[in-house]
Each structure stands twice: as C-alpha cells, then as structure tokens.
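Just below is one structure, and these are the notes that go with it.
So you know, we letter chains A, B, ... as the sequences are listed, proteins then strands, and number each from 1.
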2 protein chains.
Amino acid sequence: MKLSEGVEWAIHSCSLLAALPTGAALPTRKLAAYFELSETYLAKNLQLLSNADIVTTRKGPGGGYALAKAADAISLLDIVEAIEGRSPCFSCTEIRRRGPTGIGDEAYKRPCGIARSMWKAEKAWRDELAKVSLHKIQAMALEETPDAQLEKAKIWFEEALA
Amino acid sequence: MKLSEGVEWAIHSCSLLAALPTGAALPTRKLAAYFELSETYLAKNLQLLSNADIVTTRKGPGGGYALAKAADAISLLDIVEAIEGRSPCFSCTEIRRRGPTGIGDEAYKRPCGIARSMWKAEKAWRDELAKVSLHKIQAMALEETPDAQLEKAKIWFEEALA
DNA sequence: TTAAATATGGATATATTTTATCCATATAAT
DNA sequence: ATTATATGGATAAAATATATCCATATTTAA
C-alpha cells in the first residue's frame, strides 16, 4: 500500500511548472536538476502527465514541459491518477463465491459489503485529493518556502529561462 | 498503490470468525478450506491478525482462531493496518530541500503542503475505514448472502465444529 | 503420559511490481 | 543541418508481495 515515488516527483514538478511565466517551458533535464532527481526516470513520469493532459510539451530547443491548463483546474487527484492509474486499491476477488459453500455466480447480485466498504473509503480519499488544486499547492509552497530558498529559486529561474 | 490480497482474506476470515458460537475456534486448515485459499499463506496473514490482537489462538487439537474481542470493537481499519502496517501510503522524501535551491534542513519548520495534503486525504480514508465495524460487515454479509449459500454454510459449520 | 493437532517464527523461493536506464525515432528551433 | 527535445519500446535491476517449508512450542484428547 505504497504510492509510487513518482507521485511526489510529479506533484512537485507540477508545482514548479505552475510558477512558470506564460509561454515558458522547462525540459526534463532542468526539472530533474532542480530537484536533483534521476533524469531518465523523471522523464517517464512526465510522460504519464503528458498522456493525461496535465502538461503540454514542446519538442526541440527551448522546448520542454508546461502546464496544460490553469493551476486551479488541476487537482492532486488528477496527478495521482495520472501516475498511479485509476484502478481501485482494493481489488475484490470474490472469494465468497469459492469453496464448499459457494454457489453459482448468477446468485450474487452486487459487490459484497466488504468491497463496498473498502471502495467507499477509497472514494473518501479520492474526494479529498480532488478538493486540492495545484493552485492551492503552489500558494502553500510560496507561503512556507524559506525566504533564502525563494531568492535562490528566483535566480535559478532567471538562468533556466534565459 | 495496491492493497495486499491478504487484506481481503483477513476481512472475510474475521467475518466468518464473527459467526462462531462463543468458545468455538476455527483452525487455519478449515478457514482456508472454506474460502479455497492457500493454507500456508493464509496462516501468515492470520499470524498478523494474532499479533495485532484482533484474533486469539488456541494451539492443539480443537484449537484455532477466534475473535479476540466483540465484533463491534473491531474496525476495518484495525484489520487493514494489521495486514498492511501503519506507515503512510505517501512518503515524503523532502525533495524540496535538494538541488541547487535547497538550503539547510533547519530552515524547514514543518512538512510541506504537498505532504500535508496527501496525509489529510489518507486520514479521510482511514477515518472512513474506522467507521465500519466487523459487526456491520457481518450484518451486511448475513443480509446479502444468497439463501442457498447460507444453508450450505450452516451445514459446513456444524461439521467444522463437530 | 503419549500422540496428534495446532500456532509461531524463521528461512527461503518465486512472481510481480517498481525503479531505473538506454536507445531509436520523431519533431521543432536556430 | 545541427542541436535540443519528447516519445515509446525494450530491458535491467531492485524491492516487494506472494507462497512454501520446516523446526519448535504448546495444548488437547485419548
């Protein structure tokens, strides 16, 4: 029951992209450098974001990644699902139908109470993630990032976008 | 982001144990037979339930597993955590501190907004699981299990406990 | 008191998933 | 043209989940 590390990378990357001036883009190499991450593996995760239409890409020199839509139109759920997929965490294998007391499949009208309860909890998780926009994430980051880092980031951005 | 299959097995097993007459117990072999599961692997999962004090055990002939407390004092969360452990699904590796803009660890007072948001969603999931008692699970099962299966189960129990 | 049935924990094996890398190709900018 | 970039496929390595086996301790029943 672990989320892939790619989720953390993806959210931080999106949060950084949200700070880009309009029209600008950051390539994998620079994103990876910013967070000191494996470039090739981050590339795979960015691809997932791209396939999910969370980021857009521009190939060639000066290209890279940018958000595909406004930061308040992207939720944590969007990002988590882009990386982790949309299949439920709890997967019901219908063991109630097996064994000596099991009867024909047609007798079981709907998922069992166990599966329903597990899925309901999962929905609460997803609903909570859906409530948090990337805009909010960025706002929190802006507020809680130490000033010293903000200054370094400002310089880093100027150089990265030059 | 998958829950172990052991979670499903454990909940179904507990639900079955909840139906036992006072004083009775079911050994691994019979539990596994009921659901047609791998006996040795189920044994490992039952051990986790035992270590978490969700079930009690009695060794020797006529022994086996029984619930350690009333079914309404056991929640889905208890069972999930017994099998999956208690560590958070989202693990924050503090990538914000790394790279060219990172500064000293002492500058970061509390977990970042990303981690806090992810953990909050996780809490919603856990809270929801905590709300569902094994008693409720058993009641749902009793209500929705087809009559034909209930009859077979009754006979199976008589034989298993004889 | 003995034999049988059971849980326990450790060791180990196998399968699956996650993490990570590499490469060939397509595309865009200069 | 050349360079910088994303893409998707293939593959490799590491970690985790699944599964089995065994030696031991314990308890019951005969």
Side-chain angles (χ1 to χ4, degrees), chain A residues 1-10 13 17 23-33 35-66 68 80 82-85 87 89-91 93 95 160-162, chain B residues 1-10 13 17 23-33 35-66 68 80 82-85 87 89-91 93 95 160-162:
Chain A
M1 187 56 179
K2 289 297 261 176
L3 284 166
S4 149
E5 215 178 341
V7 168
E8 187 187 9
W9 296 12
S13 296
L17 293 179
L26 280 179
T28 311
R29 187 173 41 79
K30 289 181 180 167
L31 269 170
F35 294 114
E36 213 177 305
L37 303 173
S38 147
E39 191 178 322
T40 54
Y41 191 38
L42 176 63
K44 277 293 180 227
N45 287 297
L46 291 173
Q47 245 180 84
L48 293 172
L49 292 176
S50 170
N51 290 336
D53 275 317
I54 290 169
V55 300
T56 49
T57 67
R58 230 175 38 234
K59 293 179 178 175
Y65 295 92
V80 167
I83 304 295
E84 287 281 329
S87 46
C89 309
F90 177 82
S91 120
T93 64
I95 65 176
L161 300 176
Chain B
M1 187 58 178
K2 289 296 265 176
L3 284 165
S4 149
E5 217 179 338
V7 169
E8 187 187 9
W9 297 13
S13 295
L17 292 180
L26 280 179
T28 311
R29 186 173 42 78
K30 288 180 181 169
L31 268 171
F35 294 114
E36 213 175 305
L37 303 173
S38 145
E39 190 176 323
T40 56
Y41 192 39
L42 177 62
K44 277 294 181 230
N45 286 297
L46 291 172
Q47 243 180 87
L48 293 171
L49 293 177
S50 169
N51 290 337
D53 275 317
I54 291 170
V55 300
T56 49
T57 65
R58 231 176 36 235
K59 292 179 178 175
Y65 294 92
V80 167
I83 304 295
E84 288 281 327
S87 46
C89 308
F90 178 83
S91 122
T93 65
I95 66 177
L161 300 176

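Atoms CD1 (A:Ile54) and C1' (D:dA6) sit 17 Å apart, rounded to a whole Å. Rounded to an integer number of Å, the gap from B:Lys2 NZ to C:dT18 P is 10 Å. Between B:Ile95 atom CD1 and C:dT19 atom P there is a gap of 13 Å when expressed in whole angstrom units. Note: CD (B:Glu8) to P (D:dA17) measures 17 Å, nearest angstrom. Between B:Glu39 atom CD and C:dA7 atom P there is a gap of 9 Å when expressed in whole angstrom units. Rounded to whole Å, atom C1' of D:dT16 lies 16 Å from atom CE of B:Met1. Whole-Å rounding puts the B:Leu48 CG to D:dA19 P distance at 14 Å. At whole-Å resolution of the value, CG in A:Leu3 and P in C:dT17 are 16 Å apart.
The nucleotide whose nearest atom lies closest to any side-chain atom of B:Arg58 is, among D:dT7, D:dT28, D:dT26, D:dT28. Set against D:dA19, D:dG8, C:dT18, the side chain of B:Tyr41 has D:dA19 as its closest nucleotide. Among the nucleotides D:dT18, C:dA4, D:dA6, the one closest to any side-chain atom of A:Thr57 is D:dA6. Taking only side-chain atoms of A:Pro27, from C-beta outward, the nucleotide of D:dT26, D:dT5, D:dT7 with the closest atom is D:dT5. Nearest nucleotide to the B:Pro61 side chain, out of C:dA20, D:dT28, D:dT26: D:dT28.
Contacts of A:Lys44 with the nucleic acid, taken as non-hydrogen atoms under 4.0 Å apart, include base atoms. At a threshold of 4.0 angstrom between heavy atoms, the contacts of B:Asn51 are confined to the sugar-phosphate backbone, with no base atom among them. At a threshold of 4.0 angstrom between heavy atoms, the contacts of A:Thr40 include nucleobase atoms, whether or not backbone atoms are also involved.
Here A:Thr28 reaches the OP1 or OP2 of D:dA6: one of its side-chain N or O atoms lies under 4.0 Å away. In this structure, B:Ser50 does not reach the C:dA7 phosphate: none of its side-chain N or O atoms is under 4.0 Å from OP1 or OP2. Neither OP1 nor OP2 of D:dA4 sits under 4.0 Å from any side-chain N or O of A:Arg29. Taking 4.0 angstrom as the limit, A:Ser38 places none of its side-chain polar atoms (N or O) nearer than this to OP1 or OP2 of C:dT19. Close to D:dA6, at under 4.0 Å from its OP1 or OP2, lies no side-chain N or O of A:Gln47.
In this structure, B:Met1 CE and A:Lys2 NZ are separated by 10.5 Å, a value rounded to the nearest 0.5 Å. One finds the CG atom of B:Leu42 at 5.0 Å from the OG atom of B:Ser13 (value rounded to the nearest 0.5 Å). From A:Asn45, atom CG reaches atom CD1 of A:Ile83 across 4.5 Å, with rounding to the nearest 0.5 Å. If you take CG on B:Leu17 and CD1 on B:Ile54, they are separated by 11.0 Å, rounding to the nearest 0.5 Å.
When atom types are taken as modelled, the side chain of B:Glu84 and the backbone of B:Ser4 share a donor-acceptor pair closer than 3.5 angstrom.
Between A:Ile95 and B:Glu8, the closest heavy-atom pair is N-OE2, 4.0 Å.
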